[in-house]
J.: 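Let me begin by handing over the structure; questions about it come next.
The structure presented is a predicted model; accordingly, all values stated were derived computationally and were not measured. We're numbering straight along the sequence, starting at 1. Both backbone and side-chain heavy atoms feed into the values below; hydrogens, waters and symmetry mates do not.
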Amino acid sequence: MGEKFEKLKEENKILVMLAFFSISIGLWTNFKQLWLQDNSLNVTRVSQILSISGLFCVIALIIFSKKLTLKNIKKVITISILLKTINLILLATLNHTGYKMIIEIVTILDAVLENLIIISIYPLIVTIKKENTLYSKRKLVEYLFKDIGILVGGIFIGKTIAGFTINYNVCLLISILFLILSFVTILNIKTKVEEEKNSNLKEPLSYMIKDKIQRNYLGYVLISETAMNTGLGLKMLMLTNQLSFSDGNATNYLLLIGLIADVVGILALKYFTPKNSYVTVTIKFGIRFWLYFMAFLSNSLVSCFIAMTWSILISTAYENVVDAPYINRIPNEYQLVFTNYRYIVKAIGTSIGLFFAGIVYPFGIPNMLGLSAFFMIFQMIYAYYLVYLRTTQNLAKNKKI
C-alpha cells in the first residue's frame with residue numbers, strides 16, 4: 001500500500017489528502033448546524049455564528065496572506081490540520097456542557113482553520129501542474145468525498161451499536177478520525193517549490209485591480225456566494241425544521257442528490273459542456289434563477305424542494321467554464337496571493353448570505369429563495385459579462401497571431 005502511494009504523482013497524492021479531508025468536512029458540516037441546535041442554540045444564533053465565522057476567516061486570511069508562501073504552504077496545511085484536529089476534539093468534549101460561549105469560539109476557530117486549509121490546496125497543486133481539467137478534478141474530489149462523508153453520517157446516525165446510540169457528537173468523532181488520516185497523508189507528500197519570483201502582496205493586488213477580467217471575477221465570486229448562502233446556507237435546518245425531514249432522511253437526501261451532482265459534474269466536464277459559454281452560464285444559473293423565482297411566487301414548499309434539488313444537482317457542473325479560466329490566467333507567482341484574496345471575497349459573500357438567511361428564515365423557505373433569486377440577477381450579469389470579456393480578449397489575441 002505504501003509503495004503504491006509513493007508511485008502516485010505528487011498532484012494525485014495531494015488529491016488523496018484532500019479526499020480524506022473532504023470526508024471529514026462532509027461528515028461534520030452536514031451535522032454542524034444540528035449539533036449547534038442540539039446544544040441549545042436557536043436557528044438565528046446558529047446563522048449568526050456561521051456568519052461571524054466568515055468574517056473571522058476574512059481577518060485570518062488577510063493576516064496569513066502576509067506570511068503564507070509557496071515555500072511554506074505544505075507546513076501551513078500540516079499544522080492547520082493538526083490544530084483543527086485538536087480543536088474538534090475540544091468541541092466534542094464540550095457537547096451538552098452548556099458552555100455556549102466557548103462552543104461558539106471553538107466553532108469559529110474551526111471555520112478559520114478549515115478555510116485556511118482549503119485555500120492552500122490548489123496553489124500547492126499549481127506549483128506542480130496547472131490546467132483547467134485538473135482544477136475541475138480538484139473540485140470534483142472535494143465534492144465527491146464530502147458526499148462520502150455525508151454517506152458515513154447517513155449510515156451511522158441514529159443507529160444503536162452494542163447498546164451505544166450514534167448521535168451528532170459521535171459523528172463528530174468519526175470526522176476527527178478522517179482528519180487524522182488526512183494529516184498522516186500530507187506528512188508523506190514531498191514537494192519541490194522553486195524560489196518564488198514575487199512575495200510582495202501589493203504587486204499582485206495591483207495586477208488584479210487593474211485587470212478588468214479579474215476585477216469583475218472577484219465581484220462575481222462575492223455575489224455568487226451571497227446568493228448561494230442566502231438560499232441554501234441553512235439547508236439542514238430548512239430540511240429538518242421547515243420541510244419536516246428527520247435528520248437521517250435529510251442526510252440521505254443530501255447524500256443522494258450530492259452523489260448525482262458529482263456524476264452530473266463529471267459527465268458535464270467530459271461530454272455535455274456546450275461550445276458556447278453563454279449557453280453554459282444559462283444552464284448553470286438561468287434555470288436555477290427561474291426555479292427560485294417560481295418557488296417564491298407560488299409560495300409552495302413542493303416548488304421550493306424542487307428548486308433546492310436542482311440547485312444542488314447543478315452545483316458541481318461547469319466550473320471549468322465559470323471559474324477555472326479566470327483562476328488559471330493568473331501568473332504562477334501571483335497564484336497563492338490571488339487564491340487568498342478570492343477566498344477572502346468568498347468568506348465575505350458567505351457571511352452576508354448567512355446573515356440574510358438568518359433574517360429571512362422565520363418568514364419561510366419561499367422568501368429565502370426569493371431573496372437569493374434577487375442576488376442571482378447580478379450573479380448572471382457578472383457571469384455573462386465575464387464570458388464577453390474573455391471572448392473579446394481571445395479574439396484580440398488571435399488577430400495579433
J.: Evaluate the ring planes of F305 and Y253, with Trp represented by its six-membered ring, and classify them as parallel (under 30°), tilted (30 to 60°) or perpendicular (over 60°).
T.: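 Rings of F305 and Y253: tilted, as their planes differ by 30° to 60°.
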
J.: Look at the side chain of S277 and the backbone N and O of T280, then say whether any donor-acceptor pair between them is shorter than 3.5 Å.
T.: no

J.: Side chains of S53 and V112: closer than 4.5 Å at any heavy-atom pair?
T.: no

J.: Donor-acceptor check, side chain of S22 to backbone of F145, threshold 3.5 angstrom: yes or no?
T.: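 Not at all, since once roles are kept as given, no pair shorter than 3.5 Å links the two residues.
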
J.: List the residues meeting side chain to side chain contact (heavy atoms under 4.5 Å, CB included) with L297, not counting sequence neighbours, and say none if there are none.
T.: F293, M294

J.: Would a 4.5 Å heavy-atom cut-off, applied to side chains only, mark D211 and R215 as touching?
T.: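 No - every pair of side-chain heavy atoms lies 4.5 Å or more apart.
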
J.: Decide side chain to side chain contact (heavy atoms under 4.5 Å, CB included) for V302 and I306; before the verdict, give the C-alpha distance in whole Å, the side-chain angles of both, and the deciding distance to 0.1 Å.
T.: CA-CA 6 Å; V302 174; I306 293 172; 4.2 Å; yes

J.: To the nearest 0.5 Å, tell me how far K235 NZ sits from Q242 CD.
T.: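 Reported to 0.5 Å precision, the distance equals 15.0 Å.
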
J.: So, does N87 use its side chain to make a donor-acceptor pair with the main chain of V106 at under 3.5 Å?
T.: yes

J.: Side chains of Y217 and D323 only: does a donor on one sit below 3.5 Å from an acceptor on the other?
T.: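 Yes.
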
J.: Are F356 and F375 close enough that some pair of their side-chain heavy atoms sits under 4.5 Å apart?
T.: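 F356 reaches F375 side chain to side chain.
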
J.: Report yes or no: do T107 and D110 form a side-chain donor-acceptor pair below 3.5 Å?
T.: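 Checked: T107/D110 side chains show no N/O donor-acceptor pair below 3.5 Å.
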
J.: M236 and L254: which non-hydrogen atoms are nearest, and at how many Å?
T.: SD-CD1, 3.4 Å

J.: Would you say the side-chain atoms of N241 and Y361 include a donor-acceptor pair closer than 3.5 Å?
T.: yes

J.: Please report whether the ring centroid of Y220 lies less than 6.0 Å from that of Y385.
T.: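 Aromatic pair excluded; centres sit 6.0 Å or further apart.
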
J.: Determine, step by step, whether F183 and L179 satisfy the side chain to side chain contact (heavy atoms under 4.5 Å, CB included) criterion, reporting the C-alpha distance in whole Å, the side-chain angles of both residues, the deciding distance to 0.1 Å, and the verdict.
T.: CA-CA 6 Å; F183 176 73; L179 199 56; over 6 Å; no

J.: Ion pair present between E104 and K100, side-chain N to carboxylate O less than 4.0 angstrom?
T.: no

J.: Please check this pair: side chain of S51 against backbone of Q48, looking for a donor-acceptor N/O pair closer than 3.5 Å.
T.: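 It does not hold such a pair.
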
J.: If we ignore hydrogens and angles and just use 3.5 Å, is the side chain of T93 paired with the main-chain N or O of L90 as donor and acceptor?
T.: yes

J.: Nearest 0.5 angstrom please: I23 CD1 to L151 CG, how far?
T.: 9.5 Å

J.: Give me the atom names and distance for the closest heavy-atom approach of A357 to T230.
T.: CB-O, 3.7 Å

J.: Of D38, N169, N167, N39, which meets side chain to side chain donor-acceptor pair (under 3.5 Å) against H96?
T.: D38

J.: Determine, step by step, whether L173 and L177 satisfy the side chain to side chain contact (heavy atoms under 4.5 Å, CB included) criterion, reporting the C-alpha distance in whole Å, the side-chain angles of both residues, the deciding distance to 0.1 Å, and the verdict.
T.: CA-CA 7 Å; L173 293 174; L177 292 178; over 6 Å; no

J.: Within the side chain of Q214, is there an N or O that forms a donor-acceptor pair under 3.5 Å with the backbone of Y326?
T.: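 Pair found, side chain donor or acceptor close to backbone of Y326.
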
J.: Carefully, step by step, assess T78 and L82 under the rule side chain to side chain contact (heavy atoms under 4.5 Å, CB included).
T.: CA-CA 6 Å; T78 305; L82 178 60; 5.9 Å; no

J.: Testing the basics here: between V141 and L15, what is the closest heavy-atom pair and its distance to 0.1 Å?
T.: CG1-O, 3.6 Å

J.: A quick test of your reading: do over 12 heavy atoms of other residues, nucleotides or ligands sit less than 6.0 Å from OH of Y278?
T.: yes

J.: Is a donor on one side and an acceptor on the other found under 3.5 Å between the side chain of K284 and the backbone of S315?
T.: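 Yes, the answer is positive, given that a donor and an acceptor are paired below the 3.5 Å cut-off.
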
J.: Strictly distance-based, threshold 3.5 Å: is any side-chain N or O of N299 a donor or acceptor partner for the main-chain N or O of A295?
T.: no

J.: Check whether any side-chain heavy atom of M17 sits under 4.5 Å from a side-chain heavy atom of I14, and report yes or no.
T.: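 Side chain of M17 against side chain of I14, heavy atoms only: contact under 4.5 Å found.
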
J.: Any side-chain donor-acceptor pair under 3.5 Å between S224 and Y382?
T.: no

J.: With a 4.5 Å cut-off on side-chain heavy atoms, are S311 and L232 touching?
T.: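 A side-chain contact exists here, since the closest heavy-atom pair is under 4.5 Å.
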
J.: Side chains of Y168 and D247: donor-acceptor distance under 3.5 Å anywhere?
T.: yes

J.: Please check if the side chain of K346 supplies one atom and the backbone of L222 the other of a donor-acceptor pair under 3.5 Å.
T.: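 No, because the side chain of K346 does not come within donor-acceptor range (under 3.5 Å) of the backbone of L222.
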
J.: Which value, rounded to the nearest 0.5 Å, describes the distance between L239 atom CG and L34 atom CG?
T.: 9.5 Å

J.: Tell me whether F245 at atom CZ has more than 12 heavy atoms from other residues, nucleotides or ligands lying less than 6.0 Å away.
T.: yes

J.: So S372 and M228, do their side chains get closer than 4.5 Å, heavy atoms only?
T.: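 Not in contact.
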
J.: For the side chain of N229 and the backbone of E225, is there at least one donor-acceptor N/O pair under 3.5 Å apart?
T.: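 The answer is yes, because a donor-acceptor pair under 3.5 Å joins these two groups.
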
J.: Which heavy-atom pair separates L113 from L83 by the least distance, and what is that distance?
T.: CD1-C, 3.8 Å

J.: Measure the spacing between CG of L27 and CD1 of I150 and express it to the nearest 0.5 Å.
T.: 9.0 Å

J.: How long is the span from the CG atom in L181 to the CZ atom in F20, to the nearest 0.5 Å?
T.: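 These two atoms lie 5.0 Å from each other.
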
J.: Would you say I105 and I102 make side-chain contact, with heavy atoms under 4.5 Å?
T.: no

J.: Could you check if a side-chain atom of Y341 sits within less than 4.5 angstrom of a side-chain atom of I344, using non-hydrogen atoms only?
T.: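 Side-chain contact under 4.5 Å: yes.
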
J.: Compare every heavy atom of A227 with every heavy atom of M376, then report the nearest pair and how far apart it is.
T.: CG-CB, 3.8 Å

J.: Can you see which heavy atom on S175 is nearest to which on W28, and at what distance?
T.: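 Result for this residue pair: OG-CB, 3.5 Å.
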
J.: If I take atom CG from residue L313 and atom CD1 from residue I287, how far apart are they, to the nearest 0.5 angstrom?
T.: 11.0 Å

